[in-house]
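To start, the structure itself, in structure tokens.
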Amino acid sequence: MWLCDSSIGRKVVMSVSGLALILFLTFHASMNLVALFSKEGYNMICEFLGANWYAVAATLGLAALVAVHIVYAFWLTLQNYRARGKDRYAVTDKPKAVEWASQNMLVLGIIVVLGMVLHLWNFWYNMMFAELIHQPMLGGIHATNGYDYIAQTFSNPIYVVLYVIWLVALWFHLTHGFWSALQTVGWSGKIWFERWKCIGYAYSTILILMFLVVVAKFAICGGAFCCGSCPL
Amino acid sequence: MDKNISFKLRYWRQNGPKDKGHFDEREMKDIPGDTSFLEMLDILNEQLVNEGKEPFVFDHDCREGICGMCSLYINGTPHGKTERGATTCQLYMRKFKDGDTITVEPWRSAGFPVIKDCMVDRTAFDKIIQAGGYVTVRTGQPQDANAILIPKQDADEAMDCASCIGCGACVAACKNGSAMLFVSSKVSQLALLPQGRPEAARRAKAMVAKMDELGFGNCTNTRACEAVCPKCESISNIARLNREFIKAKLND
Ligand code: HEM
């Protein structure tokens, strides 16, 4: 099967799974934004995406996507490490055109996984999983009250800092990943390379800001970094 | 006239692919600035031979930037900091400063085992070309040049791809030891022309399969290759190869 046993095939798997994850992140970020202006609206989404078979199927699909992306990431990186040979250069001079992120995708990915584990513990386990096992009060708040979970999480400054680090790593991963994915599937050239790079930077920046603004709102308004003097 | 410079030269010695290898050092004195890098190494070897020592081994042939034989990794850059569009043989000592330390290493990659010192075995590239980097039609009598009309832009681009001399700087620079810039240029030079189209799918598949078999790495689009390519090949060739390969596989 060429998706396993050719270098370009393996990269196509990386690229398509990565692009699908970007699409997922876009939905996720859009839903998060609702929490900025409506508690009821946000909790309605939580309920809608709670314990039903569509949501479970989608979660499994997503988990498979992440698993494939991670397995291929280690596989490709290991092969690349071997192809480099066992002798390393004594002196190296990185060309200016080489982006830092492009050479550190695995490290950035590992930070993203660690953030994801934390995030799944914070939210998925206490919300979706709690409902699935019919223990809706697992984390002390009712599972469909996602809004209060966010507020509770970001009242802890450690979580705020960890989430910001996580999102910054994801931003770096995406600034390279976006155009790289399109290059991998062959939709690039001298003109489109510049375009994708520009679109990729803009898209990743907007996407990550969408996540960050929710963290910021809950960290500041009544959260870990609340000054307590505003009427909100 | 350029000034003369003196510097410390650190050059890699290795007796074959299994040997561990080490650096030798030598103070080079009063080298004229308009000496080419390879001429400077000739001076080194003359000194070594006169002292009864073994000369330093490195690849070189035409010494005018077109054969692709020279292959030295100088101060962390394949071919050194030449003007882009030049190989080691067209690197001149005026690019260095008096008192510099100059480190010379071979291309380091699993696909290019060291033969001796800084001479590496690049027959892997020949094998990739043999796998499909040609057109198999019987050519018969020469045709009129304008019997097949080719848009100027395509002809120019194919020529740019064909200017790849297969020196291997792309592999040397790549953190993954990937040969994608070379293979994609060699696939592109034919894919862009009508004569190359009939066999384009077979060619892309065969050359990529050979490249993988020979142990070159996967491309992660870091662009280190195009930054050092002496012939300024672009990674847009890699996008074209990806396109050709994916199309071919989907049609299988
Ligand atoms: C939401 C999370 C993630 C998204 C949206 C994402 C997205 C992407 C995209 C679009 C690419 C470019 C594919 C290409 O070059 O063709 C990529 C590459 C990569 N990703 Fe991710 N990724 C995510 C998580 C991870 C994780 C968890 C890991 C690893 C532990 C990881 C490791 C890598 C590596 C190593 C590459 C480079 C692969 C290569 O170029 O060969 N990523 N990612």
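In what follows, chains are A, B, ... by sequence order, proteins preceding strands, each numbered from 1.
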Under 4.5 Å from any heavy atom of chain A, what part of [X] do you find: side chain, backbone, both or neither?
| X | result |
| --- | --- |
| B:Phe216 | backbone |
| B:Arg240 | neither |
| B:Leu214 | neither |
| B:Phe112 | neither |
| B:Val114 | neither |
| B:Ala224 | both |

Is the distance between the ring centroids of [Y] and [X] under 6.0 Å?
| X | Y | result |
| --- | --- | --- |
| B:Phe58 | B:Phe56 | yes |
| B:Phe125 | B:Phe182 | yes |
| B:Tyr73 | A:Tyr89 | yes |

Looking only at non-hydrogen atoms, find the nearest pair between A:Cys46 and A:Met127 and report the distance.
SG-CE, 3.7 Å
Shorter than 4.5 Å, heavy atoms on both sides: which option in [options] has the most such pairs with chain A?
| options | value |
| --- | --- |
| B:Ser234, B:Ala110, B:Gly21, B:Gly177 | B:Ala110 |
| B:Cys219, B:Pro113, B:Ala209 | B:Cys219 |
| B:Thr77, B:Thr103, B:Thr220 | B:Thr220 |
| B:Asn218, B:Leu241, B:Thr222, B:Ile235 | B:Asn218 |
| B:Glu213, B:Lys175, B:Met180, B:Lys20 | B:Lys175 |
| B:Glu226, B:Glu105, B:Glu244 | B:Glu105 |

Working to the nearest 0.5 angstrom, can you tell me the gap between [X] [atom1] and [Y] [atom2]?
| X | Y | atom1 | atom2 | answer |
| --- | --- | --- | --- | --- |
| A:Ile22 | A:Leu170 | CD1 | CG | 8.5 Å |
| B:Met211 | A:Ser7 | CE | OG | 3.5 Å |
| B:Asp117 | B:Leu41 | CG | CG | 11.0 Å |
| A:Arg10 | A:Cys4 | CZ | SG | 8.5 Å |
| B:Thr88 | B:Asp59 | OG1 | CG | 10.5 Å |
| A:Ile70 | A:Met14 | CD1 | CE | 9.0 Å |

A:Phe37 atom CZ, neighbour heavy-atom count above 12 within 6.0 Å:
yes
A:Ile158 CD1: over 12 foreign heavy atoms closer than 6.0 Å:
no
Which side-chain N or O atoms in residues 245-252 of chain B pair as donor and acceptor under 3.5 Å with protein atoms at least two apart or in another chain?
residue, atom, partner, partner atom, Å
B:Asn251, ND2, B:Lys247, O, 3.4
B:Asp252, OD1, B:Lys205, NZ, 2.8
B:Asp252, OD2, B:Lys205, NZ, 3.4

Is there a side chain to side chain donor-acceptor pair (under 3.5 Å) between A:Ser6 and B:Asp212? Walk through the geometry before answering.
CA-CA 7 Å; A:Ser6 75; B:Asp212 292 345; 4.9 Å; no
Indicate yes or no: at least one non-hydrogen side-chain atom of B:Phe7 is less than 4.5 angstrom from one of B:Asp98.
no
Decide yes or no for B:Cys118 and B:Tyr11: does some side-chain heavy atom of the first lie under 4.5 Å from some side-chain heavy atom of the second?
no
Between [Y] and [X], is there a salt bridge with N-O shorter than 4.0 Å?
| X | Y | value |
| --- | --- | --- |
| B:Glu83 | B:Lys95 | yes |
| B:Asp19 | B:Lys116 | no |
| B:Glu25 | B:Arg10 | yes |

Can you tell me which of A:Glu99, A:Lys96, A:Met105, A:Arg88 forms the most heavy-atom pairs within a distance under 4.5 Å of chain B?
A:Arg88
Most contact-rich option vs chain B, by heavy-atom pairs under 4.5 angstrom, among A:Asp5, A:Thr92, A:Leu3, is A:Thr92
Which of [range] have a heavy atom under 4.5 Å from any heavy atom of chain B?
| range | answer |
| --- | --- |
| residues 75-83 of chain A | A:Leu76, A:Gln79, A:Asn80, A:Arg82, A:Ala83 |
| residues 206-215 of chain A | none |
| residues 171-198 of chain A | A:His176, A:Trp179, A:Ser180, A:Gln183, A:Thr184, A:Val185, A:Gly186, A:Ser188, A:Gly189, A:Lys190, A:Phe193, A:Lys197 |

Name the region of A:Arg84, side chain, backbone, both or neither, that has any atom closer than 4.5 Å to a heavy atom of chain B.
both
Apply side chain to side chain donor-acceptor pair (under 3.5 Å) to the pair A:His119 and A:Tyr163, showing each step before the final yes or no.
CA-CA 8 Å; A:His119 181 61; A:Tyr163 271 71; 3.0 Å; yes
